[in-house]
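Notes to accompany the following structure.
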Amino acid sequence: MAQVFVASLVLMTMFGLIGAGAKLSNNLVAQKIASAYTVIFRGTPEILVILLLYFGSAIALTSLAQLFDPEVKFVDVPPFWAGTIAISLVVGSYATETFRGAFLGVSPGSIEAARALGMSPLQTFVYIRIPEMWRIALPAFGNHMLSLVKDTALISVIGLNETLFVAKQAIATTNQPFTMYIFVGLIYLAFSSVITLSVMGLERYGKRTTETAR
Amino acid sequence: MSFDVGLIIESLPMMLSGIGITLKLLVVSAVLGLLLAIVLLLMRISGKWYLNWPAQAYIYVFRGTPILVQIFIVYYGFPQFEFIRDSILWPILREPTGCAIVALSLNTGAYVSEILRGGVKGVSKGLLEAGSALGMSARQKFIYITTPIAVRLALPAYSNDVVSLLKSTALASTITIADMTGIARTIVAETYAPYEIFISMAMIYIAFTWVLQRTFGVIERYLGRYTKREA
Amino acid sequence: MTTTAPLICMQDVDKFFGDFQALKKINLKIGKGERIVVCGPSGSGKSTMIRCLNRLEEHSSGHIFIDGSELTDKVKDIDAVRREVGMVFQSFNLFPHMTIAKNLMIAQQLVRKTPKAEAREIAIRYLERVKIPEQADKFPIQLSGGQQQRVAIARALCMQPEVMLFDEPTSALDPEMINEVLDVMIDLANDGMTMIVVTHEMGFARSVADRVIFMDEGEIVEEAPPASFFDNPVHERTKAFLSQILAH
């Protein structure tokens with residue numbers, strides 16, 4: 001599960017940043033594409049995206065392979081990648097809005113002050129905007145990470161060898177579905193708790209200079 | 001490969017029949033979830049530790065575990081116990097639809113109660129002080145001051161949760177329910193046309209989402225009418 | 001000063017916020033019809049003191065008597081006091097989701113159980129008193145700051161209190177709106193309302209107050225009628241404060 005999480009975290013952040021960048025840019029085409037991206041993936045159930053990517057890419061790749069070698073019957077796409085990309089796309093569409101909101105949420109006064117002091121656009125971006133941005137985005141970003149953790153369970157539906165899938169097989173032998181699923185739930189709960197605590201710690205770290213001493 | 005539009009048109013009636021089930025899952029779970037959320041909220045803000053802690057624990061567990069696992073526990077796991085099979089709830093819990101509704105309601109209830117709590121916390125302290133100064137009781141302040149303002153504040157986040165609930169209903173297909181996603185999977189299994197079917201299904205969900213968002217937008221504007229300067 | 005028992009009596013009142021002592025041995029008597037102005041630097045405890053009078057803050061020790069009854073933990077005592085004491089806040093605190101009229105009516109209906117029609121009549125009457133009856137069916141956001149504060153005064157008056165507390169009523173207002181609110185307060189004073197006003201408006205203090213009280217670091221440092229307070233302050237701290245705020 002950790003592998004899926006890390007991979008999807010990286011992808012989700014990428015999709016989110018690219019999407020936010022596109023929406024904030026002056027390029028109308030980029031804006032439209034990013035808008036379409038958020039509308040499509042915020043409105044579609046994750047499981048549908050997983051199924052579509054998995055079966056769809058299998059079919060696409062099979063056809064592609066058959067162009068080269070008509071003997072090929074079926075090309076499999078590893079469920080890991082189909083699933084990971086799918087959930088990254090979906091959570092990434094939410095992350096786009098989060099990053100966009102964080103970017104706009106940086107107080108314009110700070111930016112003006114930086115420019116008035118003579119800082120270049122790049123310096124302003126790196127030293128003023130980014131620190132403020134990640135402070136603003138952190139709570140929501142933490143929620144996105146939690147969504148990713150829980151969405152990894154969905155990939156079991158396409159046969160990924162992760163926690164829930166393994167549990168289903170164990171149930172076939174032990175015949176104790178309740179116990180096994182509770183166990184799975186606890187594993188996920190532990191994982192979520194670790195993330196939640198880490199985010200809380202990071203939030204406190206980020207606030208250490210902004211809260212006034214009492 | 002080609003895009004078989006004919007296939008979509010043929011399958012449309014079947015896909016649309018799934019909408020009824022999806023709607024049923026959505027509405028019933030949303031209503032039950034909201035009721036549960038209100039109970040949890042009152043427990044959380046009661047100030048009494050023996051109400052607050054269990055509510056917090058419940059919310060923590062249900063928000064920290066995947067909804068799919070919760071569905072499986074209710075559908076596959078509960079029948080393991082004799083006392084469940086003998087109880088009056090069995091007719092509900094025997095059916096996949098009943099299980100899905102139970103799991104979805106329990107789950108959304110946890111999320112919505114936190115959303116409501118956010119709304120309650122957002123009410124300015126000063127307004128409650130004014131109420132106190134005028135002699136209003138705690139109950140009166142909660143009903144006439146806190147609730148109207150909290151509802152308006154919570155609405156955007158609540159509308160997001162309803163959209164999430166819609167997407168979660170798709171998981172009902174994993175326990176054999178013939179909702180929209182369930183039907184899509186059946187058709188794809190027969191026709192090997194994942195693109196056409198899943199993409200059309202996605203479009204129906206997106207349309208659904210759009211309707212929900214517009215509806216909430218109208219409600220938000222109505223509730224927010226006193227926040228605009230122009231009459 | 002009146003000869004009958006004081007309307008408000010604070011005896012040896014202390015207030016702690018954790019380790020911090022906000023009020024130190026406050027002793028104060030206020031008679032019916034008196035107009036008291038409380039001034040002092042930020043953090044001196046002026047707001048805390050008047051907020052103790054309607055239990056928005058709980059005093060840590062000592063006794064507070066309002067119109068003969070002691071202010072204690074008991075809900076009945078607190079409710080009885082809040083019916084007699086009206087409060088106007090620095091940030092107005094009008095209920096944003098109710099019309100002006102409803103703002104004035106809601107407490108009457110809920111606390112005094114006044115029927116709706118009568119409550120509305122009383123509301124309109126007080127809106128006329130503060131000179132904005134035509135705004136009755138608007139929402140607070142549609143009014144200017146000065147108008148909102150006047151509505152807040154009317155709202156407190158609708159409960160027909162014995163005493164009105166004002167917590168820096170004009171501090172959040174743009175300068176051009178301060179006078180319309182002060183005028184209403186002067187009117188009220190001339191009609192005989194017992195008032196305690198925490199404010200920096202020294203002109204108001206000079207012309208309206210019966211006594212001016214200077215507080216610093218939780219204590220009442222000096223208490224005198226305005227003429228002697230402003231012209232012949234006794235304590236060093238009072239002199240320092242006056243020179244600061246009257247300088248510009």
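Chain letters run A, B, ... following the sequence lines, proteins first, then strands; residues in each count from 1. The structure displayed is predicted, hence computed values, not measured ones.
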Please flag which part of [X] lies under 4.5 Å from any non-hydrogen atom of chain B: side chain, backbone, both or neither.
{"X": "A:I195", "answer": "neither"}
{"X": "A:S147", "answer": "neither"}
{"X": "A:L51", "answer": "both"}
{"X": "A:T196", "answer": "neither"}

Would you name the heavy atoms of [X] and [Y] that are closest together and state the gap between them?
{"X": "A:T44", "Y": "B:A202", "value": "CG2-CB, 3.7 Å"}
{"X": "A:K150", "Y": "B:G64", "value": "CD-C, 4.1 Å"}
{"X": "A:Y94", "Y": "B:K167", "value": "OH-NZ, 3.2 Å"}
{"X": "B:A170", "Y": "A:I47", "value": "CB-CG2, 3.6 Å"}
{"X": "B:F198", "Y": "A:L48", "value": "CD2-CD1, 3.6 Å"}
{"X": "B:L68", "Y": "A:S156", "value": "CD2-OG, 4.2 Å"}

Measure the [atom1]-[atom2] distance between [X] and [Y] for me, rounded to the nearest 0.5 Å.
{"X": "A:E46", "Y": "B:S164", "atom1": "CD", "atom2": "OG", "answer": "7.5 Å"}
{"X": "A:I40", "Y": "B:I199", "atom1": "CD1", "atom2": "CD1", "answer": "9.0 Å"}
{"X": "A:Y181", "Y": "B:Y75", "atom1": "OH", "atom2": "OH", "answer": "11.0 Å"}
{"X": "B:T65", "Y": "A:I182", "atom1": "OG1", "atom2": "CD1", "answer": "9.0 Å"}
{"X": "A:M180", "Y": "B:I73", "atom1": "CE", "atom2": "CD1", "answer": "11.5 Å"}

Crowding at CZ, A:F183 (>12 non-hydrogen neighbours, <6.0 Å):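 Open.
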Within 6.0 Å of CH2 in A:W134, more than 12 heavy atoms from elsewhere: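 Atom CH2 in A:W134 is crowded, with more than 12 foreign heavy atoms closer than 6.0 Å.
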Would you mind checking which part of [X] comes under 4.5 Å of any heavy atom in chain A, side chain (CB onward), backbone (N, CA, C, O), both or neither?
{"X": "B:T209", "value": "side chain"}
{"X": "B:Y60", "value": "both"}
{"X": "B:V61", "value": "both"}

Residue among A:L146, A:L154, A:V39 with most heavy-atom pairs under 4.5 Å to chain B: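 The candidate making the most pairs under 4.5 Å is A:L154.
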Minimum side-chain heavy-atom gap A:P45-B:T169 below 4.5 Å: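 With C-beta onward as the side chain, the pair stays apart.
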